[in-house]
Amino acid sequence: MMGDDKVNVEKLREEVESLKEKIMKQRKEMCDSTLADVTSSISPLHRLQFKAKRTLKGHLSKVFSCNWAKDSKHVVSASQDGKLIVWDSHSTHKIHAIPMKSAWVMSCSFSQKSARFVASGGLDNMCTVYALQSRKDNTYTSQELMAHTGYVSCCKFIDDTDLMTASGDMTSALWDITTGKLKTLYHGHSADVMSISIAPDKRTFITGACDATAKLWDLRDGLCRQSFAGTESDVNVVVFHPTNLSFACLAELQDEADAGADSCMCLFDLRSDNKVGETRAFRFSFTSMDFTKSGRLAVVGTSADPSLINPATNTGPSKMICYDVLKFDDKNATRIEKAHDHTISQINVSYDGSALCSCSHDTLLKIWTAGHPRTD
Amino acid sequence: MSTRVELLQNELAQLEKEVKMERMRTSETTSEIVQFCQKHQQQDRLLRPLTVAENPYKEKKSCAVL
């Protein structure tokens with residue numbers, strides 16, 4: 001009956017709101033300090049410097065994603081030019097140039113146990129896994145993982161047999177690539193899931209979605225353990241912290257005439273279920289980030305600076321900003337200006353923590369290492 | 001396709017689980033994060049320049065043998 005349904009919906013909505021308020025109160029009770037409060041006596045990081053040691057040239061169009069192999073030497077990148085390129089970051093040589101069936105790629109990933117597989121996903125609603133050792137001429141054996149009814153925004157290998165995807169169909173998924181079958185589908189978000197990050201202990205993972213929440217899931221039982229609100233709009237990137245106890249997210253902010261801030265980076269603590277740090281970007285967006293191995297530093301990539309965009313080419317320089325995670329202080333953050341000539345789409349720290357890879361709409365990838373602050 | 005009622009019921013069920021969570025104090029949890037970072041900082045190779053032995057990206061100095 002239409003009438004009954006309306007009453008039901010209203011009643012349920014009220015119950016939902018009341019529980020949300022209760023949870024907010026409980027969180028507030030446990031929030032007796034921010035991360036910055038606890039670290040006021042800790043000395044700030046020394047001055048940092050990053051040097052671009054290698055530039056990987058070869059893509060003909062915007063690069064949307066990059067990912068290190070576990071050997072901290074090979075990198076895979078995906079571009080609008082329809083190619084997945086596997087690079088030797090030391091020599092800059094292209095080891096593989098894999099033609100993708102769909103050029104509408106959004107994400108790529110390297111297998112995390114060996115360097116045998118790479119995967120890509122995008123607007124074709126599927127994730128395709130390529131076996132690098134299977135190359136014959138320029139073709140590769142591939143496995144298509146199909147089940148999503150929306151775009152694949154993010155794909156991440158857990159090891160060599162399991163892979164995860166996040167999708168515009170509001171779900172995330174766990175796949176067995178040896179069979180090509182879906183193992184688990186995770187429901188709970190009410191809008192496009194944009195990012196996924198697997199915990200260092202591989203027992204849980206975080207997703208970020210356009211419903212302005214990030215969620216923590218149990219990989220095995222498929223259940224959502226926690227939901228994190230406190231970002232105003234779309235959560236586009238989530239990254240687990242090396243401690244396995246917290247994570248960072250990059251989210252959009254609602255348009256506010258006064259504030260002018262477009263995006264923010266928030267640090268959430270799992271066990272207190274609270275946001276413990278936040279920093280905002282004005283006029284440009286945070287597009288990508290990763291933590292260094294100790295978790296002390298968060299390196300964030302930005303969009304092209306709108307005030308520096310060349311109207312003829314519609315491109316402009318972007319920067320990398322390095323935040324001391326323990327201080328979350330914008331003033332003391334190291335800025336690497338003009339890191340790329342256009343929006344940075346992804347930043348990934350290598351497995352051994354010694355190098356950083358950035359990729360951009362300017363068609364390039366760059367490999368960065370720490371330099372001497374005085375001389376470089 | 002889930003109906004509006006079903007979606008709300010699912011959301012309610014999820015919130016009923018989440019409200020039961022035993023939360024810790026941020027002052028406690030954050031100090032563990034701080035300790036971890038400080039403990040591993042020395043070995044963090046992006047916080048200090050790589051030694052020559054560690055650096056696969058160093059400029060190779062070539063010797064010209066005439």
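Per chain, numbering begins at 1; letters A, B, ... match sequence-line order.
- In this structure, the portion of A:Ser72 lying under 4.5 Å from any heavy atom of chain B is its backbone and not its side chain.
- Residue A:Thr292 touches chain B through both its backbone and its side chain, counting heavy-atom pairs closer than 4.5 Å.
- Across B:Gln41, B:Glu16, B:Glu28, the residue that shares the most heavy-atom pairs under 4.5 angstrom with chain A is B:Gln41.
- Residue A:His241 touches chain B through its side chain alone, counting heavy-atom pairs closer than 4.5 Å.
- No part of B:Leu7 comes within reach of chain A, as not one of its non-hydrogen atoms sits under 4.5 angstrom from that chain.
- No donor-acceptor pair under 3.5 Å is formed between the side chain of B:Asn10 and the backbone N or O of B:Ala13.
- When only modelled atom types and interatomic distance are considered, A:Trp217 and A:Thr207 share a side-chain donor-acceptor pair under 3.5 Å.
- Ring to ring, A:Phe240 and A:Phe291 are not that close: their centroids are 6.0 angstrom or more apart.
- Taking chain B as the reference chain and counting heavy-atom pairs below 4.5 Å, the highest number among A:Gln26, A:Glu15, A:Lys293 is found for A:Gln26.
- Looking at A:Leu267, neither its backbone nor its side chain comes within 4.5 Å of chain B, counting heavy atoms on both sides.
- Panel note: side chain B:Asn55, backbone B:Val52; no donor-acceptor pair is recorded below 3.5 Å.
- The backbone N or O of A:Asn8 sits nowhere less than 3.5 Å from a side-chain atom of A:Arg13 that would complete a donor-acceptor pair.
- Of the listed residues B:Thr29, B:Leu8, B:Thr30, the one with more heavy-atom pairs under 4.5 angstrom with chain A than any other is B:Thr29.
- Interface remark: B:Gln9 contributes backbone and side-chain atoms alike to the contact with chain A (heavy atom separation under 4.5 Å).
- Proximity to chain A (any heavy atom under 4.5 Å) is restricted, for B:Arg48, to the backbone atoms N, CA, C and O.
- When B:Arg23, B:Met21, B:Glu11, B:Glu18 are compared by the number of non-hydrogen pairs under 4.5 Å with chain A, B:Arg23 comes out ahead.
- When atom types are taken as modelled, the side chain of A:Lys215 and the backbone of A:Gln226 share no donor-acceptor pair closer than 3.5 angstrom.
- Neither the backbone nor the side chain of A:Ser91 comes within less than 4.5 Å of any heavy atom in chain B.
- Heavy-atom distances place the side chain of B:Gln14, and not its backbone, under 4.5 Å from chain A.
- Interface residue A:Val16: backbone and side-chain heavy atoms are both found under 4.5 Å from chain B.
- Contact of A:Asp269 with chain B is made through the side chain alone, with heavy-atom distances under 4.5 Å.
- Within the 4.5 angstrom heavy-atom criterion, no atom of B:Gln43 approaches chain A.
- Contact of A:Val325 with chain B is not made at all, since no heavy-atom distance falls under 4.5 Å.
- At distances below 3.5 Å, not a single donor-acceptor pair connects side-chain atoms of A:Trp87 with backbone N or O atoms of A:Ile95.
- Annotation for A:Lys22: atom NZ does not count as buried by contact number, only 12 or fewer foreign heavy atoms lying within 6.0 Å.
- Expressed to the nearest 0.5 Å, how far CG of A:Leu35 lies from OG of B:Ser27 amounts to 12.0 Å.
- Side-chain contact, A:Ser89 with B:Tyr57: a donor N or O sits under 3.5 Å from an acceptor N or O.
- Chain B forms more heavy-atom pairs under 4.5 Å with one residue of A:Cys322, A:Ser350, A:Gly188, A:Ser227 than with any other, namely A:Ser227.
- Counting only N and O atoms by type, the side chains of A:His93 and A:Asp88 include no donor and acceptor under 3.5 Å apart.
- A donor and an acceptor atom, one from each side chain of A:Trp368 and A:Ser358, are located under 3.5 Å apart.
- Interface check for chain B: of the options A:His90, A:Arg296, A:Met30, the most heavy-atom pairs under 4.5 Å are formed by A:Met30.
- Chain A forms more heavy-atom pairs under 4.5 Å with one residue of B:Arg4, B:Glu32, B:Lys17 than with any other, namely B:Glu32.
- If you measure heavy-atom distances from A:Asn244 to chain B, you find no contacts under 4.5 Å at all.
- The contact between A:Arg225 and chain B is made entirely by backbone atoms, counting heavy-atom distances below 4.5 Å.
- Side-chain polar atoms of A:Asp32 and B:Thr26 form a donor-acceptor pair below 3.5 angstrom.
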